[in-house]
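Each remark here refers to the structure printed beneath this line.
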Number of protein chains: 2
Amino acid sequence: MFCKDHIAMREKLEQVGLRVTRQRLMIANLLFSKGDRHVTAEGLFGESSAMAYPPSLATIYNTLRDFAEKGLVREIALYGGKVWFDTQTGPHFHFYLEDSEELFDLPEELIPQFNIPAPPGTRIAGIDVVIKLERLSDQETPSSSTAAA
Amino acid sequence: MFCKDHIAMREKLEQVGLRVTRQRLMIANLLFSKGDRHVTAEGLFGESSAMAYPPSLATIYNTLRDFAEKGLVREIALYGGKVWFDTQTGPHFHFYLEDSEELFDLPEELIPQFNIPAPPGTRIAGIDVVIKLERLSDQETPSSSTAAA
DNA sequence: ATAGCTGCAAATGCTTTGCAAGGCC
DNA sequence: GGCCTTGCAAAGCATTTGCAGCTAT
């Protein structure tokens with residue numbers, strides 16, 4: 001199991017032309033071996049710090065940027081300071097819980113279809129949809145909380 | 001004309017409970033007297049610096065934050081470092097030109113309808129849609145650049 | 001009068017970079 | 001061997017904050 005993943009990650013890196021190093025393999029494993037993930041550099045650093053020979057924070061930043069440039073992950077449009085990355089690179093939607101800084105995907109079946117023409121002289125490089133959520137206090141009725149745009 | 005705007009801005013501030021000051025009036029005028037705008041703190045600072053007695057950069061930051069808290073402007077979900085604010089506070093869509101850091105609204109007629117239920121225990125506080133654009137080099141065909149999500 | 005603003009400069013937080021040492025092909 | 005990566009520390013931005021002085025109410 002470890003071996004299979006390990007080889008898969010190695011191939012992932014080779015395919016995009018990134019040299020295979022211990023640090024990059026470790027980061028790739030954290031990112032890609034447990035399904036879709038939404039991460040920040042700090043978050044990944046925290047996770048890897050628990051392991052043996054963790055990469056430095058600078059390396060995490062650099063690696064995430066490299067991965068994003070090569071299309072292995074994609075940057076997410078979000079509010080405020082931190083940069084988030086998503087292992088799912090195609091267009092899809094996000095719920096964002098502001099209070100707790102949690103980010104998660106919309107279930108596939110809720111994603112609406114839309115077709116938008118690119119302005120002349122441009123092409124669409126990506127779409128981000130962020131639906132900002134507020135936690136309801138217990139009193140408030142959870143009814144009719146529906147987005148219309 | 002100046003007088004009418006001036007009074008309108010004064011009322012805007014009073015309505016949300018912000019003390020009416022020269023600096024806030026100046027910023028409100030920049031923001032609200034020429035239709036919808038998308039701005040960064042630095043951008044506004046640049047504009048106001050050309051005028052007499054410009055507010056300090058810190059005041060621009062603080063004022064934008066205050067305005068956002070009071071609902072006069074809204075923060076936009078975007079990639080990377082800078083925070084953008086929009087004078088249009090309702091849900092709507094944006095095109096973002098990465099090369100030149102330009103941000104503009106989708107024409108109303110292109111905005112698709114969608115209805116998304118909020119997860120239990122939450123309510124939808126806002127929706128951001130960002131369509132990232134790349135400028136086409138002259139060779140590339142401008143055909144079929146259409147977003148499907 | 002006094003609570004709230006402003007401006008400056010310093011502090012903070014996230015991210016990048018320069019450079020010397022180490023690792024991959 | 002040579003080039004790419006890494007790690008550390010330092011630098012770089014965008015943004016916030018502390019505080020002394022000012023101002024709207």
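Just the heavy atoms: all of them, side chains too, but no hydrogens, waters or symmetry mates, feed the values below. Chain letters run A, B, ... following the sequence lines, proteins first and then strands; every chain starts at 1.
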Quiz item: Are A:Glu102 and A:Ser100 close enough that a side-chain donor and a side-chain acceptor fall under 3.5 Å?
Solution: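 Distance-only check passes for A:Glu102 and A:Ser100.
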
Exercise. Ignoring hydrogens and angles, state whether a donor on the side chain of B:Asp128 or B:His94 is under 3.5 Å from an acceptor on the partner side chain.
Key: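 Per modelled atom types, B:Asp128 and B:His94 side chains form no pair under 3.5 Å.
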
Quiz item: When you match B:Thr21 and A:Tyr53 each to their closest nucleotide on DNA chain D, which lands nearer the 5' end?
Solution: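 Upstream on the strand: A:Tyr53.
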
Quiz item: When the nearest nucleotide of DNA chain D is assigned to B:Leu18 and to B:Ala58 on a heavy-atom basis, which residue is associated with the more 5' position?
Solution: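 That would be B:Ala58.
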
Can you tell me how far [atom2] of [N] sits from [atom1] of [X], to the nearest Å?
| X | N | atom1 | atom2 | value |
| --- | --- | --- | --- | --- |
| A:Arg65 | C:dT17 | CZ | C1' | 9 Å |
| B:Asn62 | C:dA9 | CG | C1' | 14 Å |
| A:Glu14 | D:dC4 | CD | C1' | 15 Å |
| B:Tyr61 | C:dG7 | OH | P | 15 Å |
| A:Glu69 | D:dT5 | CD | P | 11 Å |

Exercise. Could you tell me whether B:Arg24 contacts a base, only the sugar-phosphate backbone, or nothing, with contacts defined as non-hydrogen atoms closer than 4.0 Å?
Key: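 Touches sugar-phosphate only.
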
Self-check item: Helix axis bend for the helix from C:dA1-D:dT25 to C:dC25-D:dG1 - C1'-based end axes, five pairs, 10° rounding
Solution: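 The helix from C:dA1-D:dT25 to C:dC25-D:dG1 shows an end-to-end axis angle of 30°.
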
Quiz prompt | Close side-chain approach of B:Leu31 and B:Phe67, heavy atoms under 4.5 Å | solution =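 They are in contact (side-chain heavy atoms under 4.5 Å apart), so the answer is yes.
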
Distance-only donor-acceptor hits, side chain of residues 16-24 of chain A, under 3.5 Å, sequence neighbours excluded:
from	atom 1	to	atom 2	distance (Å)
A:Thr21	OG1	A:Arg24	N	3.2
A:Arg22	NH1	A:Tyr53	O	3.1
A:Arg24	NH1	A:Arg19	O	3.0

